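Structure, as structure tokens:
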Amino acid sequence: MVIKPYGYAIWEKMQQGLDKMFKDTGHVNAYFPLFVPKSMFEAEEKNAEGFAKECAIVTHYRLKNDPKNPGKLMVDPEAKLEEELVVRPTSEAIIWNTYKKWIQSYRDLPILINQWANVVRWEMRTRLFLRTAEFLWQEGHTAHATRQEAEAETIQMLNVYAQFVEEFMAVPVIKGKKSEGEKFPGAIDTYCIEALMQDGKALQAGTSHFLGQNFAKAFDVQYSNKEGKLDHVWGTSWGVSTRLIGGLIMAHSDDDGLILPPKLAPIHVVIVPIFRSDEELASVTKAVEPIVQNLRKAGLSVKFDNRDTHKPGFKFAEYEMKGVPVRIAIGPRDLENGTVEIARRDTKEKQVWKMENVVNDLPALLDDIQKSLYNKALNFRTSMTTVVNSYDEFKNVLDTKTGFVLAHWDGTPETEAKIKEETKATIRCIPLDAKVESGACVYSGKPSARRVLFARAY
RNA sequence: CGGGGUGUAGCGUAGCCCGGUAUCGCGCUUGGUUUGGGACCAAGAGAUCGUCAGUUCGAAUCUGGCCACCCCGACCA
């Protein structure tokens, strides 16, 4: 997948928002290698097994001219690696192998590291942004002296993700815990945030794992505690990826293109001048320049599109497609009246503002758009979350209404697998705020203590 | 890997059944008229029809092999 500049700008905005939140919670960035020796990779068995089917492997380190095919290259059989290198599908292995060297004492803990990186998972079927063979993400890897501290870290980062997705992406999420079948291989517990897309399908937007001592044991990472006794350290890992861009697109867009929340929009405001002649453009430009400068001073990203190669109507359509939250049109009529035309992308609503109010009032409009997008998505999710009490109802909702389904489940992997097989729906999570409510599993009729969240998912 | 489908200009396509080197739209170039919601007119440029082989006087079209891509399924953030 190629991410073009405008799409990459969205990713950069996401990075900025998340990176600040990571730093604010005490984390630092570092970088670990792309290639992981196979022996290192296989040290944590469950993790290795979980990813084995989708690993790219480097077996050679040189190409040479193919004597049978002039001008073509071939793998040089002489250049076979002693040990194959796995292209990281995630970095637990190489990071824990490194942490082993860094940790001796409780005084070395905690280690709170994040890395921004690319990873490769050789998917059989890819989906733009949602599932690509190579993707960009961040992965946090922390090491702690106590179980309690690691668990608190896991939940803290889950909350960071939830806050980011809701505040920046304007997408409401449900925080929960994954079932045994859906959790990260190698983790004790996987927590996640689940979002609902406009087509009624769920999207896992981020995960935070409590690794227990699994990796510490696999990589022999021990520390001396205050009593002078050796113990394995406790770990977490957590990540979000460029999948969030796909989620952002699917959560808000309409038939006219993207709708971007102001907090992630590469361009907050586009100004389109209306003019027939160079003289008109000059006089419009003169009025626009101070507005641009002052909006930029206020911290907004402003584009003044003064191209004379495209008509205004074309530009209107173009920026709508790109999801720019606010468009300002200024023409000769506005110059006479001291006004501008303000159009918001989310509602398509147009207003005429006094020119002198633009700089002052625009931040509030952007705030309103941000909130309004969130509320719209929240209302949608609420209307698309259905409580069901029978398997017939369950299947009917999935087939006709779609969306999230809250149903009782007996807690067994067997039932989970059967439901998945028969309906394509998976347990998205066991919501953290699920109230204790005794009931009967929609599939088996066995007792259940709480409802879990089902959906068909990406 | 199983099942289905498609490869013709930068993109989307017609033509294929019934052989005679290619249609239309978008986009691109130039000129003119336009410019408050994706402009119009005119003139241009651009295609070894996925690839290799076969049949034929002649292949986008018929036959066979190969390659690539797409959709559905298994796998998945």
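Everything numeric here is computed off the predicted structure, so don't read it as measured data. Residue numbering restarts at 1 for every chain, and letters A, B, ... go by the order of the sequence lines.
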Interatomic distance where [atom1] belongs to [X] and [atom2] belongs to [N] [whole Å]:
X	N	atom1	atom2	value
L136(A)	rA77(B)	CG	P	17 Å
D278(A)	rU34(B)	CG	P	15 Å
E182(A)	rC75(B)	CD	P	10 Å
N337(A)	rG36(B)	CG	P	18 Å
E341(A)	rG36(B)	CD	C1'	7 Å
K311(A)	rA39(B)	NZ	P	5 Å
R307(A)	rA39(B)	CZ	P	12 Å
E49(A)	rC75(B)	CD	P	16 Å

Going by atom types only, do T190(A) and H209(A) share a side-chain donor-acceptor pair under 3.5 Å? yes
- Query: Do you see a donor-acceptor pair shorter than 3.5 Å between the side chains of R88(A) and T90(A)?
  - Reply: no
Pairing partner of [N] (Watson-Crick or G-U wobble, both distances under 3.5 Å):
N	result
rU61(B)	none
rC1(B)	rG73(B)
rA42(B)	rU30(B)
rG7(B)	rC67(B)
rC18(B)	none
rG37(B)	none
rG12(B)	rC24(B)

Can you tell me if the side-chain N/O atoms of [X] get under 4.0 Å from OP1 or OP2 in [N]?
X	N	result
K53(A)	rC75(B)	no
R276(A)	rU35(B)	yes
K424(A)	rC75(B)	no
K315(A)	rU35(B)	no

For this session: Answer yes or no: does atom NZ of K20(A) have more than 12 heavy-atom neighbours from other residues, nucleotides or ligands under 6.0 Å?
Result: no
- Query: Is the NZ atom of K64(A) crowded by more than 12 outside heavy atoms at less than 6.0 Å?
  - Reply: yes
Could you work out the separation of [N] and [M] based on their [atom1] atoms and round it to a whole Å?
N	M	atom1	result
rA53(B)	rG12(B)	C1'	31 Å
rG58(B)	rG19(B)	C1'	8 Å
rU8(B)	rA14(B)	P	10 Å
rG31(B)	rU13(B)	P	33 Å
rU56(B)	rU21(B)	C1'	15 Å
rG54(B)	rA59(B)	P	12 Å
rG38(B)	rC1(B)	C1'	46 Å
rG36(B)	rA77(B)	P	50 Å

State whether the side chain of T25(A) and the backbone N or O of M21(A) hold a donor-acceptor pair below 3.5 Å, judged by distance alone. yes
query = Taking T132(A) for the side chain and L128(A) for the main chain, is one N or O donor matched with an acceptor at less than 3.5 Å?
reply = no
Side chain of [X] only, heavy atoms from C-beta on: which candidate in [options] is closest?
X	options	value
E320(A)	rU35(B), rG37(B), rA77(B)	rG37(B)
F135(A)	rG37(B), rG36(B), rA77(B)	rA77(B)
E123(A)	rA39(B), rA77(B), rG37(B)	rA77(B)
K350(A)	rA39(B), rA77(B), rG37(B)	rG37(B)
S241(A)	rA77(B), rG38(B), rG36(B)	rA77(B)
A317(A)	rA77(B), rG36(B), rG37(B)	rG37(B)

Using a heavy-atom cut-off of 4.0 Å across all strands, would you classify [X] as base, sugar-phosphate, or nothing?
X	value
L130(A)	base
D334(A)	base
T126(A)	nothing

Between I274(A) and K420(A), the residue closer to the 5' end of RNA chain B by nearest nucleotide is I274(A)
Whichever of G313(A) and R127(A) has the more 5' nearest nucleotide on RNA chain B, that residue is G313(A)
Interatomic distance, CE@M169(A) vs CD1@I10(A), rounded to 0.5 Å, equals 10.0 Å
Ring centroids only, cut at 6.0 angstrom: are F129(A) and W11(A) within range, meaning strictly under it? no
